[in-house]
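Below is one structure, written out as structure tokens, with a few remarks after it.
Remember, predicted model here, so these are calculated numbers, not experimental data. Both ligands and their constituent atoms are indexed starting at 1 by order of listing. Numbers here are sequence positions counted from 1.
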Amino acid sequence: MSSPEPGAGKNFIEEIIDADNASGKHGGRVHTRFPPEPNGYLHIGHAKSICVNFGLAQQYGGKCNLRFDDTNPEKEDTEFTDSIQEDVRWLGFTWDGLYYTSDYYQQLHDFAVDLINKGLAYVDHLSPEQIREYRGTLKEPGKPSPYRDRSVDENLALFAQMKAGELDEGSCVLRAKIDMSAPNVMMRDPALYRIKKAHHHRTGNDWCIYPMYDFAHGLSDAIEGITHSICTLEFENNRPLYDWFLQAVETKHRPQQIEFAKLKLNYTVMSKRNLRVMVEEGIVDGWDDPRFPTIRGMRRRGYTPAAIRNFCDDIGVSKNNSTIDIGKLEHAVREDLDKVCPRVMVVLDPIKVVIDNYPGDLVEMLTAKNHPSDEAMGTRQVPFSREVYIDRDDFMEDPPKKFFRLAPGKEVRLRYGYIIKCESVEKDDDGHVTTLHCTYDPDTKGKNPSDGRKVKGTIHWVSAAHAVSAPIRNYDRLFKDEEPDSEDFRRSLNPDSVVVNQDARMEPSVLDLAAGDSVQFERKGYYVVDTKDSKDKAPVFNRVVGLRDSWANMVKKGNVN
Ligand code: ATP
Ligand code: MG
């Protein structure tokens, strides 16, 4: 993708980059990074950040690194570095460099020593509570720690002791010496290093001091030659600190931080903490539960990388926080699946139809299109015989005027086959329709009746003798509230977020699908063969998304609160 006309429909980040390129600020380079902390699985919010960072690099012919921001040893693990790489690749992106903040531990340590030597950092023995108290508030300035004016030598010696493991966890921290009365509280002598005698998944027990996010992040950007360090809005107040570190350390390269609004979706909980609780309490079936907003959940649900990327592009980037309607994501999924999914016929809630004038021993193979408009997807043969199933909602005993499906005395076309007419209805003792008796018009296979009569409706069907069965998991939103209760998300859970259908009857071609394949059940929706629970010739289907936005309609009708 080349950059479009200057200013044409550009977002504010592109405008910044254009201006930088025009002024030669970074020598015309664009180098971004996606910097996850490897402490969990990626979710749709991360996907947004991935699309922004990798997307800008692609758009400007630049580069994008994947950097693991691994400075909290207790929470991080290689399980997550592996899964994050897999998820980024699955979304369709390839990083230029793969780095870890822990690659820079020695360099960052040396930067800290440099700051001590410059009189810009000191070891503080105040307790965490005292540090908080001394920091002041938004209205009141902070006050200096009694340890603030230690000599350089004393600070060097103490920092060396911290590093050597001679001091206890929590006994002291290394702080930047900036300004205890700065209006921006972030600038009131933030911590650079704390003691943590923890095993790190990469550096083992080499270190017992670990750098703080603000110190490590910008300097890692500088080391990697990042030009535009894109993060979310809550880091806006950290930007002066980001710049201060670059200036104080006198890095050769000076990246710039740019903030944009986090992606927030309605009916969705994204915080790692709450997702973890749901996994641990068995509310969902693991981190890849098809109802989860994790990338692996969406993948198992049958969402496609292209759909997620298109969604992220469509919503754009903004400086203001807002909530995006999850219907937009579902819309993007539907649009992509419509293009790529072959069609099959599946009856979800069957009623039997007996075609009384069709020969009992005859089976015809009817030619069905795999896609209504993409000829390249070819055709398949679907068996047709005297007894077929149709969906219960394609029949009405006493239909309203505009019902163009099957009803007593009325005609309908069976997709790819004949026109049939409903002659009589069989019911059980409860008055429940069990079987429809029909006749077919042999002269209507793939053509209109020769006498000119009009038959408007076409319905899908499955030959009873050839039908196969497989469970279908009908997924819905995990939360029934537009804004799930942040205190207790359990109160907002949708009790019907998965309903399993064991009754469906499917055309036999579904047995040829492989795990992960998606199809459209004609007139019903998109379904994917579950990658975890399916076996060869025994698929389990997940509903990806319906054909239409039924949720919006229900809300409109007032059936959902
Ligand atoms: P969470 O706690 O929700 O998992 P996080 O911010 O702790 O998110 P990180 O691993 O630190 O997760 O994030 C990696 C990158 O993804 C950061 O640049 C962060 O700003 C970005 N990111 C995380 N959540 C969102 C979101 N909802 N929208 C856009 N970007 C996000
Ligand atoms: Mg984080």
Side-chain angles (χ1 to χ4, degrees), residues 11-13 32-57 64-72 74-77 79-85 87-88 91 93 95 98-102 201 211-214 216-218 220-221 224 226 228-239 242 255-279 287 292-298 308-309 311-324 326 328-329 483-484 486 489:
N11 66 48
F12 77 97
I13 301 180
T32 55
R33 87 286 169 264
F34 171 63
E37 187 181 348
N39 64 356
Y41 293 96
L42 299 182
H43 54 57
I44 181 76
H46 296 115
K48 174 70 196 170
S49 173
I50 291 168
C51 289
V52 169
N53 281 294
F54 284 92
L56 286 169
C64 182
N65 292 350
L66 174 60
R67 183 196 316 142
F68 290 110
D69 208 343
D70 55 349
T71 55
N72 288 311
E74 289 121 324
K75 293 195 211 142
E76 298 160 0
D77 197 39
E79 175 192 353
F80 302 122
T81 55
D82 291 346
S83 71
I84 289 170
Q85 290 177 61
D87 287 351
V88 173
L91 274 176
F93 298 106
W95 44 89
L98 174 65
Y99 300 107
Y100 295 79
T101 303
S102 56
H201 71 103
M212 304 298 290
Y213 171 86
D214 286 304
H217 200 89
S220 301
D221 285 342
E224 288 174 23
I226 301 304
H228 301 85
S229 177
I230 296 159
C231 64
T232 47
L233 224 48
E234 69 274 22
F235 289 96
E236 203 164 16
N237 286 338
N238 304 50
R239 192 182 343 138
Y242 183 100
Q256 77 196 89
Q257 179 182 300
I258 302 170
E259 311 87 17
F260 75 102
K262 263 195 164 170
L263 168 63
K264 190 166 180 268
L265 282 175
N266 59 5
Y267 299 103
T268 305
V269 160
M270 257 191 261
S271 105
K272 243 175 250 173
R273 188 171 46 89
N274 287 337
L275 296 180
R276 179 164 293 122
V277 172
M278 286 187 257
V279 172
W287 286 96
F292 245 18
T294 51
I295 294 186
R296 33 205 55 211
M298 293 188 294
I308 296 170
R309 292 195 304 265
F311 164 73
C312 290
D313 281 353
D314 287 350
I315 57 176
V317 294
S318 160
K319 267 275 180 204
N320 304 306
N321 284 316
S322 65
T323 303
I324 306 284
I326 193 156
K328 280 202 173 128
L329 174 58
E483 184 149 7
S486 56
F489 65 83

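Within the structure, ligand 1 lacks R273 among the residues with a heavy atom less than 4.0 angstrom away. For G40, the closest heavy-atom approach to ligand 1 does not fall below 4.0 Å. Using a non-hydrogen distance threshold of 4.0 Å, F34 registers as a contact of ligand 1.
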Starting from the C-alpha separation in whole Å, work towards a yes-or-no answer on ring-ring contact (aromatic ring centres under 6.0 Å, His included) for Y41 and F80. CA-CA 6 Å; Y41 293 96; F80 302 122; 5.3 Å; yes

Can you check side chain to side chain contact (heavy atoms under 4.5 Å, CB included) on Y242 and Q256, steps first, answer last? CA-CA 8 Å; Y242 183 100; Q256 77 196 89; 5.8 Å; no

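At a 3.5 angstrom cut-off on N or O pairs, L263 counts as close to ligand 1. For a threshold of 3.5 Å applied to N or O pairs, the pair formed by K272 and ligand 1 contains at least one separation below that value.
The ring pair (Phe, Tyr, Trp, His ring centres under 6.0 Å) check on F260 picks up nothing, with sequence neighbours excluded. For F54, the ring pair (Phe, Tyr, Trp, His ring centres under 6.0 Å) criterion is met by F93, not counting sequence neighbours.
The side chain of H43, and not its backbone, has at least one atom closer than 4.0 Å to an atom of ligand 1 (non-hydrogen atoms only; side chain from C-beta on).
The closest side-chain donor-acceptor pair between S102 and D70 falls under 3.5 angstrom.
The residue among R33, H46, K262, E37 with a heavy atom at the shortest distance from atom 12 (O) of ligand 1 is H46.
Residue-ligand proximity, S49 to ligand 1, at heavy-atom distances under 4.0 Å covers atoms 16 (O), 18 (O), 21 (C), 30 (N). Residue-ligand proximity, P36 to ligand 1, at heavy-atom distances under 4.0 Å covers atoms 10 (O), 14 (C). For ligand 1, the atoms sitting less than 4.0 Å from at least one non-hydrogen atom of G45 are 25 (C), 26 (C), 27 (N), 28 (N), 29 (C), 30 (N), 31 (C), numbered in the order shown with element in parentheses.
Counting non-hydrogen atoms of neighbouring residues, nucleotides and ligands closer than 6.0 angstrom, the CD atom of E483 reaches no more than 12 such neighbours.
In summary, R67 and E224 engage in a salt bridge, as defined by a charged side-chain N under 4.0 Å from a carboxylate O.
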